[in-house]
Structures are given as structure tokens and as C-alpha cells.
Amino acid sequence: MALDACDIYGLSEVMGPGVAGESVETKDGSHIWEDYFRPEIIDPFDHRTVLPDGVAGELVFTTLGKEALPVIRYRTKDLSRLLPGTARPSMRRMERITGRSDDMIILRGVNVFPTQIEELALRIPALSPHFQLDLTREGRMDSMTVKIEPREGVSDADAEAAAAQLAAAIKEHVGSSARIAVVAPGSLERSNGKLRRIYDHRKQTL
């Protein structure tokens, strides 16, 4: 017997799991239970600006049925967009989460997310998903260095070629230049088994 896996979205601050759920018929994003929750998409830089359906931004929820602890315009920090309903046409869908507004980097006017770098790195067989982003300011110009570990057994020549490939991919898909520094496997700092992604040194140079 085959089983289908579907996404479900929820937040303990709002009402735990069950705020939105993916339909097994379409699996094209989670339909929001709009009879209990009022969704909005706002500009993450200006929370006063509500964005229209179809435009990506930060997901905000207001509870409509909670009486003891109502939640009004709760900023989830999750980035998504609202789309028309499909399998449940009376309720809008939320696109799958593409990142978090508190992880967003502004580099020379371009919005950059660590998940974008990770996605590009995973397309290159010689590179591992273990990386850090070092942000510095040289004069008035921001600069980003991606420190990334190669996979075990990768030669120095292959690692150098992979670094050039990643730099080109970031320029093409993200729209910003980055230096790539391939470091020894296991050399990037880890805490509780998880890798800290962003080291922003720009504040120290203001």
C-alpha cells in the first residue's frame, strides 16, 4: 500500500500544527484554514506595507477563533507568498517556505539568503553543504566571502574548479559577486552539531 507525505504548517505561538495543510490531490503548497486564521504578506523591511497576493514577503497571521489568547498580526519571519486555492478553492495557499527574514543579508542592495548559497553548492558534486558567509566592508563597499568545505577525497585542483563554478553560479542566480574560499573538511566551526552560517563583521567597521 502506498502512502502520501504532505506538508503541514503551524506555529506554537499561533495554534501549533494545523494552520495550513497541503492537499494530497495537488501537493502544490499548503491551503490555509482561513476560517480560523487571517494571513497577510508584508514587506520584511517595512512591516507597515501589506503586499498583494502573488508577491513574496514575510508571512503574518491573525487568529480569528482564539478567545483566551488571541494573536494579532504575528510576524512568523517565514518568507512565502499567498496564491489562489486549487484543491480547496475557497482557501488561499501559501507557497512553500523559501527562507526566513531574520536570515536575510543585504549585500550591495541585493537580498541574499543562506539557503540560496546552499542550493547552488549542492549542485556541485565536489562541494559539501558545510559553509559560512563572512561579510566585511572595505571602504564603502560590502564584500562577501563564502568559506566552504569540499567533500572528502576531492583534489585541490577539483576544489579550485568547484570554487570558480560556485562563484559564477552566485553571480548568475543571486546577482552579487562573492569570493569563494575552500577550506579543509571539518575545519568550520560547529556548535551542537550545527553550523553557524553568517559572520557579519560590517558592524565593527562602521
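- A side-chain contact (heavy atoms from CB on, under 4.5 Å) with Val146 is found for one member of Asp134, Leu120, Ile180 and no other, namely Ile180.
- In Phe113, the CZ atom is crowded: over 12 heavy atoms of neighbouring residues, nucleotides or ligands sit closer than 6.0 Å.
- Ser143 places no side-chain N or O within donor-acceptor distance of the main-chain N or O of Thr136, the cut-off being under 3.5 Å.
- In this structure, Arg197 contributes its side chain and Phe131 its backbone to a donor-acceptor pair below 3.5 Å.
- Arg92 contributes no side-chain N or O that, together with a main-chain N or O of Pro84, makes up a donor-acceptor pair within less than 3.5 Å.
- Arg96 pairs by the side-chain hydrogen bond (donor to acceptor under 3.5 Å, both in side chains) definition with Asp7, Glu22, not counting sequence neighbours.
- Judged purely by atom type and a 3.5 angstrom limit, Glu40 has no side-chain atom pairing as donor or acceptor with the backbone of Arg73.
- A donor-acceptor pair under 3.5 Å links the side-chain atoms of Ser80 to the main chain of Glu95, judged by distance alone.
- With hydrogens and angles ignored, the 3.5 Å screen pairs a side-chain donor or acceptor of His31 with a backbone N or O of Thr86.
- One N or O on the side chain of Glu58 and one on the backbone of Lys77 form a donor-acceptor pair closer than 3.5 Å.
- Within a 6.0 Å sphere centred on CZ of Arg38, other residues, nucleotides and ligands contribute 12 heavy atoms or fewer.
- Counting only residues at least two apart or on different chains, no salt bridge (charged side-chain N to carboxylate O under 4.0 Å, His left out) pair has a member in residues 150-177.
- In terms of modelled atom types and a separation under 3.5 Å, the side chain of Gln132 and the main chain of Lys147 share no donor-acceptor contact.
- Aromatic ring orientation, Phe61 versus Tyr9: tilted (interplanar angle from 30° to 60°).
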